[in-house]
There are 2 protein chains.
Amino acid sequence: MLSKKSKYAIKALVSLAKHFGEGVPLKISTISEEEKIPRKFLEAILVELRNNGLVHSKMGASGGYSLAKHPEEIVLSHVIRISGGPIAMLPCVSLNFYERCEECVNEEICGLRDVILEVREATIKILSKTSLADLLRREDFLKAKFTS
Amino acid sequence: MLSKKSKYAIKALVSLAKHFGEGVPLKISTISEEEKIPRKFLEAILVELRNNGLVHSKMGASGGYSLAKHPEEIVLSHVIRISGGPIAMLPCVSLNFYERCEECVNEEICGLRDVILEVREATIKILSKTSLADLLRREDFLKAKFTS
DNA sequence: AATTATCCTATTGTTCAGATAGGAAATATA
DNA sequence: TATATTTCCTATCTGAACAATAGGATAATT
């Protein structure tokens, strides 16, 4: 399951992507209201995204946040990892949240692990080719499809 | 993330699959020790699997558990659903644990949901074609690979 | 009858996601 | 330079879900 944190992070970034290149940063409160993300929670999330180089922040009056990269360059797998959500279904196949499986005598010959590895590959393949720009395009496409 | 419950359920079933057709049921304590699953926890899991028709139980002395179906017929997606783990990465794309996404004005035009739907399809495709028998074959294959 | 096992109901513990609080630091603008 | 605005930082709270445990009732074998 994707944590709310990850989901909020993605939604916030999509919000910023919509205003990419306008030169005016977006305030936390604006994003919070538009995307219905709890104010203080969003604050913490954006700081983390900033520490990981995905967004720029500007302090003080008329400050706010803006994307640090082009929307085509920010992919979901990266955002999810940063915002603390493991992608794999088992800790023993996770790259970033690896944990040994106590009950396995030998991890390398675990059939279940082998399958979950396949699932992870398939998942990452999709999430790492989908950028913020892709999400925007998808929304446009869906909007057109459902308003016709 | 797969819950421990789901993981234990799968491991227990694999254990039973190894003895399929022998006519002698396996005791909870035997499975518990072999797979290092907490005794009482496993008890609860097996009852649930029985209630869902995956295993048979026999009470009394020299009782125990056995598979209710052929190992080829029990697939991972089914086991995971029964043991309470959602497969999808977001509640709004889950079949069995569906929950509306409050902050979405219109689910149908959510770009993120659209991507996560793709991930779910890919995941289910793998998990629903992998049976207990497959897991055993994989383990044999891996064993051969790493002991040569 | 004695032993071995599953069955059933209830309870407990523990972790972590999710959210909140309050004030310090920085910047714009008047 | 004063004031309003906004991000930054540290700390804390809460509830729910996961994981595990306890104790005895019920059933079947020997």
Side-chain angles (χ1 to χ4, degrees), chain A residues 1-12 16 23-33 35-52 54-66 68 80 82-86 89-91 97 99 101-103, chain B residues 1-9 11-12 16 23-33 35-52 54-66 68 80 82-86 89-91 94 97 99 101-103:
Chain A
M1 270 284 172
L2 215 57
S3 64
K4 290 219 170 186
K5 197 171 162 187
S6 291
K7 193 168 95 179
Y8 291 159
I10 293 168
K11 295 223 165 186
L16 292 175
V24 187
L26 252 68
K27 287 186 293 180
I28 293 180
S29 56
T30 305
I31 305 175
S32 162
E33 284 159 22
E35 304 291 335
K36 293 187 193 164
I37 304 173
R39 175 95 207 316
K40 277 291 189 178
F41 198 12
L42 178 58
E43 213 176 299
I45 291 167
L46 285 168
V47 167
E48 224 171 346
L49 293 178
R50 186 206 52 179
N51 290 339
N52 283 279
L54 290 194
V55 299
H56 280 140
S57 68
K58 194 184 173 192
M59 284 189 79
S62 74
Y65 283 92
S66 52
I80 293 172
I82 284 174
S83 51
M89 293 183 86
L90 282 178
F97 299 87
E99 245 175 81
C101 196
E102 315 107 33
E103 65 268 24
Chain B
M1 272 285 173
L2 216 55
S3 64
K4 289 220 170 188
K5 198 172 162 187
S6 291
K7 194 168 95 179
Y8 290 159
K11 296 221 165 187
L16 291 175
V24 188
L26 252 68
K27 288 186 292 180
I28 292 179
S29 57
T30 305
I31 305 175
S32 162
E33 284 158 24
E35 305 291 334
K36 293 188 194 164
I37 303 173
R39 173 96 209 315
K40 278 291 189 178
F41 197 12
L42 178 59
E43 213 176 300
I45 291 167
L46 284 168
V47 167
E48 223 172 346
L49 292 177
R50 186 207 52 179
N51 289 339
N52 282 278
L54 290 194
V55 299
H56 280 138
S57 68
K58 194 185 173 192
M59 282 188 81
S62 75
Y65 284 92
S66 52
I80 292 172
I82 283 174
S83 52
M89 292 184 87
L90 282 178
S94 174
F97 299 86
E99 245 175 80
C101 196
E102 316 105 33
E103 65 268 25

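Chain letters run A, B, ... following the sequence lines, proteins first and then strands; every chain starts at 1.
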Exercise for the section: Answer yes or no: is there a side-chain heavy-atom contact under 4.5 Å between B:Leu49 and B:Leu46? Expected result: yes
Practice task
Return the value, rounded to whole Å, for the distance between atom CG of A:Leu49 and atom C1' of D:dC8.
Solution key: 15 Å
Completion exercise
Rounded to whole Å, CD1 of A:Ile28 lies from P of D:dC9 at a distance of 12 Å
Practice task
Using atom NZ of B:Lys7 as one end and atom C1' of D:dA20 as the other, report the distance to the nearest whole Å.
Solution key: 15 Å
Practice task
For D:dA19, take OP1 and OP2 only and decide whether either is under 4.0 Å from a side-chain N or O of B:Arg39.
Solution key: no
For residues 36-44 of chain B, dump all side-chain donor-acceptor pairs below 3.5 Å to protein atoms at least two apart in sequence or in another chain.
none

Fill in the blank from the handout: Between CD of B:Glu48 and C1' of D:dA19 the distance, given in whole Å, is 13 Å
Completion exercise
In short, A:Lys5 meets A:Ser83 closest at the heavy-atom pair CD-O, 3.8 Å
Exercise for the section: Report which part of the nucleic acid A:Leu46 touches: base, sugar-phosphate, or nothing (heavy-atom distance under 4.0 Å, all strands). Expected result: nothing
Exercise for the section: Assess the side chains of A:Ser32 and A:Ser29: does a donor N or O sit below 3.5 Å from an acceptor N or O? Expected result: no
Practice task
Among the candidates D:dC9, D:dT6, D:dA20, find the nucleotide nearest to the side-chain atoms of A:Arg50.
Solution key: D:dC9
Handout entry: Sugar-phosphate, base or nothing in reach of A:Gly84, heavy atoms under 4.0 Å
Key = nothing
Completion exercise
Between B:Pro25 and B:Ser62, the two heavy atoms sitting closest are CG-O, 4.0 Å
Fill in the blank from the handout: 5' to 3', nucleotides 22-28 of chain D under a 4.0 Å protein heavy-atom cut-off (B base, S sugar-phosphate only, - none) gives BBB-BBB
Exercise for the section: Apply the test side chain to side chain contact (heavy atoms under 4.5 Å, CB included) to residues A:Ile10 and A:Lys7: give CA-CA distance (whole Å), side-chain angles for both, the deciding distance (0.1 Å), then the verdict. Expected result: CA-CA 5 Å; A:Ile10 293 168; A:Lys7 193 168 95 179; 5.9 Å; no
Exercise for the section: For residues A:Ser6 and A:Gly85, report the shortest heavy-atom separation together with the two atoms involved. Expected result: OG-N, 4.0 Å
Exercise for the section: Using the closest heavy atom to pick a nucleotide of DNA chain D for each, name whichever of B:Pro38 or B:Pro86 lands nearer the 5' end. Expected result: B:Pro86
Handout entry: Heavy-atom contact window of chain A on DNA chain C, given 5' to 3' at under 4.0 Å
Key = C:dG18 to C:dA28
Practice task
Please examine the side chains of B:Pro86 and A:Met1, heavy atoms only from C-beta on, and report whether any two atoms are closer than 4.5 Å.
Solution key: yes
Problem - Side-chain touch A:Tyr65/A:Ser57, heavy atoms, less than 4.5 angstrom - result: yes
Practice task
Nearest whole angstrom, please: distance from the C1' of D:dC18 to the CD1 of B:Ile45.
Solution key: 11 Å
